[in-house]
Amino acid sequence: MNKLAQLDQKYVWHPFTQMRDWLRREPIVIASGKGAVLRDVKGREFLDANSSIWTNLHGHQHPKINTAITRQLKIISHSSALGFANEPASLLAERLVKIAANGSQMPDSNGHRPPKFISKTKTANPSLEKVFFSDDGSTALEVALKLAYEFTRRTRGAKTKPRLLSLDGAYHGDTIGAVSLGHIDLFHKAYGGMLFSTDKVMSPYCYRCPFNRAKPERNDARKYRKCLWECVGLVEKKFAAQKKKGNPYAAFVFEPLMQGAAGMIPQPSGWLGQVTEIARHHGALLIADEVMTGFGRTGITCHVDDKTIAQITKNPAAAKLFATQRVGVTPDFLCVAKGLTGGYLPMAATLTTRRVFDAFLGEYEEFKTFFHGHSFTGNQLGAAASLASLEILQTKQSVLQRARLQKWMHEELQTLWTLPQVGDIRQVGLVAGIELVKDWRTREPFALRERAGIRVCEAMARRGVLTRPVGNVIVLMPPYCTTKTQLQKIAAALREAVKAVF
Ligand SMILES: *Cc1c(COP(=O)(O)O)cnc(C)c1O
């Protein structure tokens, strides 16, 4: 066994990993990366088909990000944000606020909309003006959560017990606050005693929706579903019931357009606009977790064809970087992390409104301060990498590449429908989840102990493609620099892996 693999097995404890399984076989030790390719210590090459757990945007060793980090390294790597400002963090905060404002009033035209559950005219969007930096997705959510909680007590009265509503199956990180917001039973059960209580409401999952009366087809379940938008109705009901209790929800937390760790579960077109409108109507703050969906991951528009590509060539600035912008919603809190630095360094941000910011202003001795911060808040290296990444994202070349990649992904994914173990293929922009089932005609799932997703991913690794499943859902989330040939290789590896395993 490789020396580094030995050291790893002797000393390292890996996240979300059954270490007994891990210790059974020699791990892949990554030595280097370039573009969409990872190379291990044995010289084997792999395509990074999940962008190193959803973080990498432009590929590894992008010359512009490398240069930005090395340039910053020669100036200073870190000084504290407690008491001092710094150049890259100031510039990054401005850039993030500008990007978050871009085009938020021009939603996608998104086909069939759900019926209106409330008649009131659409509430005006706030604008995001302030940026609180932290280190990762979990902390970005903790910040939003604490701010929303305290803001509610300050505006509704200190006796208020703010309650939060999030979506079933939600994942918002692994710190105690973030886990409390999440609703994945497996993670929840173990730490139940440490968590505070939040409410959950049904999240759309068209493929396995109890309200969907359609028989399975060889198509994305969102396209052939037959329902009456019961999922939207349940959200409305939940908000109304809580209002009746005299303590309306303080905040509504959601992953926009697609829930990631829940199993790459997309929301049918129209759902997000409708439920955020309901939440606003009931006076709740909106906390958008764009840790996975941010920075172009959800694509250019719902569907990209040659016409879209021609349009985007003419006006690349119209391409939105956040999922919430795609539906014309500005949240009160926008949480970003994973792709912020292009996936190079740990850094996160929580954007919020002036209204929230102002509630924390006061005289020193009033202690209205937001008592929260981390040692590396506003880190210069991270901010320099982020600035470079955002610059690349806004180039015409990157926008066009993303549009093309989205179209190629759609084409390649269609080739998987011939496999009887493929139950649902759900693509949102540059992310796709492929749900494996025993029999597509019945949607019968594989039992957990069959480890279907893991086995398929192991078989893909043997074919030079790395990704990590969520249960029995295979995740494809390539870096934006992935070429058509590389993408074909990813799809071929998945096809062959499924055939080989089953
Ligand atoms: C990954 C993720 C988080 C947590 O981010 P970490 O950086 O792992 O703490 C939170 N929300 C979503 C949607 C995520 O995908």
Side-chain angles (χ1 to χ4, degrees), residues 14-17 50-57 132-146 148 164 166-184 186-188 191 195 198 200 203-205 251-267 272 286-298 321-324 326 331 333-351 372 374-377 379 382 385-386 389 426 428-433 467-471 473 475-477:
H14 285 262
F16 281 102
T17 301
N50 76 343
S51 294
S52 296
I53 206 73
W54 322 349
T55 57
N56 192 287
L57 299 185
F132 195 99
F133 288 115
S134 62
D135 310 331
D136 50 51
S138 307
T139 56
L141 266 296
E142 293 281 345
V143 168
L145 167 68
K146 284 167 94 174
L164 291 107
S166 47
L167 297 173
D168 203 0
Y171 174 77
H172 296 294
D174 295 326
T175 50
I176 294 301
V179 176
S180 300
L181 291 176
H183 294 290
I184 295 182
L186 199 62
F187 308 161
H188 244 247
Y191 303 104
L195 306 175
T198 60
K200 67 176 177 190
S203 177
Y205 184 0
F252 177 53
V253 193
F254 55 95
E255 293 168 74
L257 294 185
M258 183 180 241
Q259 285 191 300
M264 295 302 153
I265 303 175
Q267 296 146 8
L272 181 61
L286 300 179
I287 302 179
D289 179 351
E290 294 234 25
V291 172
M292 177 192 86
T293 56
F295 306 111
R297 196 39 91 176
T298 59
L321 292 179
F322 296 110
T324 38
R326 292 265 312 274
F333 299 93
L334 177 68
C335 304
V336 297
K338 288 191 170 93
L340 173 60
T341 60
Y344 282 55
L345 288 161
M347 184 171 213
T350 306
L351 278 68
H372 185 108
H374 302 280
S375 312
F376 287 100
T377 294
N379 172 261
S386 305
S389 172
R426 17 190 206 255
V428 174
L430 303 165
V431 197
T467 185
R468 194 179 162 88
V470 179
V473 178
V475 176
L476 295 186
M477 200 185 298

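Fair warning: this is a prediction, and the values are worked out from it, not measured in the lab. Counting starts at 1 for both ligands and their atoms, in listed order.
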Chemist: Report yes or no: does R426 contribute a side-chain atom to a donor-acceptor pair with the main-chain N or O of M264 at less than 3.5 Å?
Modeler: yes
Chemist: Can you pull out the closest protein heavy atom to atom 7 (O) of ligand 1? Residue, atom name and distance to 0.1 Å, please.
Modeler: G137 N, 2.8 Å
Chemist: Using only atom types and a distance under 3.5 Å, with no angle test, would you say the side chain of S180 pairs donor to acceptor with the backbone of L195?
Modeler: no
Chemist: What protein heavy atom sits nearest atom 9 (O) of ligand 1, and how far away is it?
Modeler: S138 OG, 2.6 Å
Chemist: Give, for atom CD of Q267 and atom CD of Q259, the distance between the pair rounded to the nearest 0.5 Å.
Modeler: 6.5 Å
Chemist: Could you list the atoms of ligand 1 found under 4.0 angstrom from a heavy atom of M292?
Modeler: 15 (O)
Chemist: So which heavy atom in the protein is nearest atom 15 (O) of ligand 1, and how far is it from that ligand atom?
Modeler: K338 NZ, 2.6 Å
Chemist: Does the residue L141 have a heavy-atom contact with ligand 1, meaning some pair of atoms that are separated by less than 4.0 Å?
Modeler: no
Chemist: Which pair of non-hydrogen atoms, one from T467 and one from V475, has the smallest distance, and what is that distance?
Modeler: OG1-O, 2.6 Å
Chemist: Has the side chain of S51 got a donor or acceptor atom that lies under 3.5 Å from a matching backbone atom of M477?
Modeler: yes
Chemist: Show the atoms of ligand 1 that are less than 4.0 angstrom away from any heavy atom in D136.
Modeler: 7 (O), 9 (O)
Chemist: May I ask you to list the atoms of ligand 1 that are less than 4.0 angstrom from any heavy atom of H172?
Modeler: 10 (C), 11 (N)
Chemist: Please list, in number order, the atoms of ligand 1 under 4.0 Å from a heavy atom of G173.
Modeler: 4 (C), 10 (C)
Chemist: For ligand 1, which atoms, with element, lie under 4.0 Å from some heavy atom of E255?
Modeler: 13 (C)
Chemist: Using a strict 4.0 Å cut-off to heavy atoms of D289, name the atoms of ligand 1 that fall inside it.
Modeler: 10 (C), 11 (N), 12 (C), 13 (C)
Chemist: Is it true that a side-chain atom of E290 and a backbone atom of C335 form a donor plus acceptor pair closer than 3.5 Å?
Modeler: no
Chemist: Evaluate W54 for polar contact with ligand 1, using N/O atom pairs at a separation under 3.5 Å.
Modeler: no
Chemist: Does S52 reach the main-chain N or O of T55 with its side chain, forming a donor-acceptor pair under 3.5 Å?
Modeler: no
Chemist: Are the side chain of E255 and the backbone of G260 linked by a donor-acceptor contact shorter than 3.5 Å?
Modeler: yes
